[in-house]
Amino acid sequence: MENDDSTNKIKNSFVSGNTYAIENTYAIENTSVTENISAIEKNTSVITKFIQAYVEQYPDKYQVPVLWRTPLVGFADACDSYIRNLPELILKEHKLPQDFMEDPTAVISYFLPFRPELAQTNTGVPDHYASSAWAEAYTITNTMIGRLNQALAEKITAMGYRAAVPDNVGMLPEVLMSNWSQRHLAYAAGLGTFGINNMLITARGCCGRCGSIVADIPVLKPGALKQENCLYKRNGECKKCIKNCFSGALTTEGFDREKCFSACSRNLERYGVDVCGKCDVDIPCAFAAP
């Protein structure tokens with residue numbers, strides 16, 4: 001029979017995939033609960049290693065430059081209140097995990113940190129343009145994210161679960177906002193906090209890209225990080241990203257999407273992709289949380 005005290009500690013915590021899991025601060029007194037958590041941790045470890053191995057092997061497989069450091073991987077409860085509120089927090093058209101598959105339990109989010117050598121190319125470019133290497137990296141990374149998501153979904157299916165790659169998602173031109181915000185999903189998965197550059201600052205910095213898929217694997221709920229990774233939000237220091245933003249899109253008062261888009265559009269004319277990245281490079285939080 002289950003220990004009542006242990007059961008009470010588990011109750012109302014959360015349920016994913018019909019498996020009870022408890023916060024790490026709770027003492028685990030029940031053998032079946034311990035086994036469940038062990039299985040969950042094993043599955044998340046397998047997925048994390050799969051993503052990291054895929055990214056490491058990608059340049060050789062597809063003959064592209066080595067652009068990324070080791071990815072970070074996080075897992076969010078698909079029914080988390082923060083995720084459920086994204087249509088209100090961001091825009092009403094924002095999609096939910098349930099839009100992509102029936103009864104999802106998890107959003108698997110990952111951050112692909114760029115290498116410092118790539119970021120260095122995007123500093124000091126005449127007339128505030130992005131570097132050609134930065135623009136190329138954007139295109140290469142987009143392609144890799146698509147391939148990685150498909151491979152990850154197949155891997156999860158082979159593990160005995162269901163997975164779905166979000167489709168018809170991206171920036172809506174009429175509002176200049178995404179209907180599947182990778183940064184907000186990564187935040188829900190505990191991967192980082194937002195800086196005044198509007199980027200997610202992770203343990204490996206903000207200079208990189210995020211991706212995600214939806215699945216029905218059981219997960220331990222991490223929750224958002226408690227400490228601010230942005231120096232300005234933490235203690236009023238820095239503001240280097242604001243100084244780097246030549247368009248005036250970034251201020252301590254907020255983010256001007258129109259000005260940001262205008263700056264990115266200059267590079268669309270030159271390189272065929274709307275990128276900039278000046279607020280991502282040459283800052284203390286580019287490659288690590290300061």
Heavy-atom check, side chain of [X] versus side chain of [Y], under 4.5 Å:
| X | Y | result |
| --- | --- | --- |
| Phe194 | His184 | yes |
| Pro97 | Val107 | yes |
| Met171 | Met177 | no |
| Leu250 | Cys279 | yes |
| Asp127 | Arg266 | yes |
| Pro113 | Thr70 | no |
| Leu191 | Ser109 | yes |
| Leu112 | Cys210 | no |

Less than 6.0 Å separating the ring centroids of Phe100 and Trp180?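 Centroid separation for Phe100 and Trp180: below 6.0 Å.
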Over all heavy atoms of both residues, which pair between [X] and [Y] is shortest? Give the atoms and the distance, please.
| X | Y | result |
| --- | --- | --- |
| Ser247 | Ala263 | CB-CB, 3.9 Å |
| Ile47 | Ile217 | CD1-CD1, 3.5 Å |
| Lys95 | Asp167 | CE-O, 4.4 Å |
| Pro284 | Pro290 | O-CB, 4.3 Å |
| Pro218 | Ile40 | O-CG2, 3.5 Å |
| Pro87 | Leu96 | CD-CD2, 3.8 Å |

Donor-acceptor contact present, side-chain [X] to main-chain [Y], <3.5 Å:
| X | Y | answer |
| --- | --- | --- |
| Ser45 | Glu41 | no |
| Asn179 | Glu93 | no |
| Arg69 | Arg204 | yes |
| Thr251 | Gly254 | yes |
| Arg234 | Gln227 | no |
| Asn122 | Cys276 | yes |
| Arg162 | Ala215 | no |
| Lys278 | Thr123 | no |
| Thr202 | Gly192 | no |
| Arg270 | Ala130 | no |

Report whether [X] and [Y] are members of the same hydrophobic cluster (ILVMFWY, side-chain heavy atoms less than 4.5 Å apart, transitive linking).
| X | Y | answer |
| --- | --- | --- |
| Val64 | Ile51 | yes |
| Val73 | Leu67 | yes |
| Ile201 | Phe111 | no |
| Tyr110 | Val169 | no |
| Phe50 | Tyr161 | yes |

Around atom [atom1] of [X], are there more than 12 heavy atoms from other residues, nucleotides or ligands closer than 6.0 Å?
| X | atom1 | value |
| --- | --- | --- |
| Glu56 | CD | no |
| Gln120 | CD | no |
| Glu102 | CD | no |
| Lys239 | NZ | no |

Walk me through whether Leu185 and Ser212 qualify under side-chain contact (heavy atoms from CB on, under 4.5 Å). CA-CA 8 Å; Leu185 294 164; Ser212 63; 3.9 Å; yes
Given side-chain contact (heavy atoms from CB on, under 4.5 Å), test Val281 with Cys207 step by step and report yes or no. CA-CA 7 Å; Val281 301; Cys207 186; 4.2 Å; yes
In terms of side-chain heavy atoms, does Asp77 have a donor or acceptor partner in Tyr82 at a distance below 3.5 Å?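 No, no side-chain donor-acceptor contact under 3.5 Å.
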Gap between atom [atom2] of [Y] and atom [atom1] of [X] - 0.5 Å precision:
| X | Y | atom1 | atom2 | answer |
| --- | --- | --- | --- | --- |
| Asn197 | Cys260 | CG | SG | 10.5 Å |
| Lys42 | Met159 | NZ | CE | 9.0 Å |
| Ser265 | Glu258 | OG | CD | 9.5 Å |
| His94 | Ile83 | NE2 | CD1 | 9.0 Å |
| Leu152 | Thr157 | CG | OG1 | 9.5 Å |
| Leu172 | Leu176 | CG | CG | 9.5 Å |

With side-chain contact (heavy atoms from CB on, under 4.5 Å) as the criterion, how do Tyr58 and Arg147 come out once you've worked through the C-alpha distance, each side chain's angles and the decisive distance to 0.1 Å? CA-CA 10 Å; Tyr58 190 87; Arg147 289 170 171 166; 2.8 Å; yes
Could you point out which residue of Tyr271, Tyr129, Phe114 forms a ring pair (Phe, Tyr, Trp, His ring centres under 6.0 Å) with Trp134?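 When Tyr271, Tyr129, Phe114 are each tested with Trp134, the ring pair (Phe, Tyr, Trp, His ring centres under 6.0 Å) holds only for Phe114.
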How far apart are the C-alpha atoms of Cys241 and Asn198, what are their side-chain angles, what is the distance that settles it, and do they pass the side-chain contact (heavy atoms from CB on, under 4.5 Å) test? CA-CA 10 Å; Cys241 59; Asn198 213 34; over 6 Å; no
Applying side chain to side chain contact (heavy atoms under 4.5 Å, CB included), can you list everything that pairs with Thr121, at least two apart in sequence or on another chain? Leu118, Ser131, Ala133
Considering only residues two or more places apart or on different chains, which pairs with a residue in residues 230-259 satisfy ring pair (Phe, Tyr, Trp, His ring centres under 6.0 Å)?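 Sorted result for residues 230-259: His128-Phe246.
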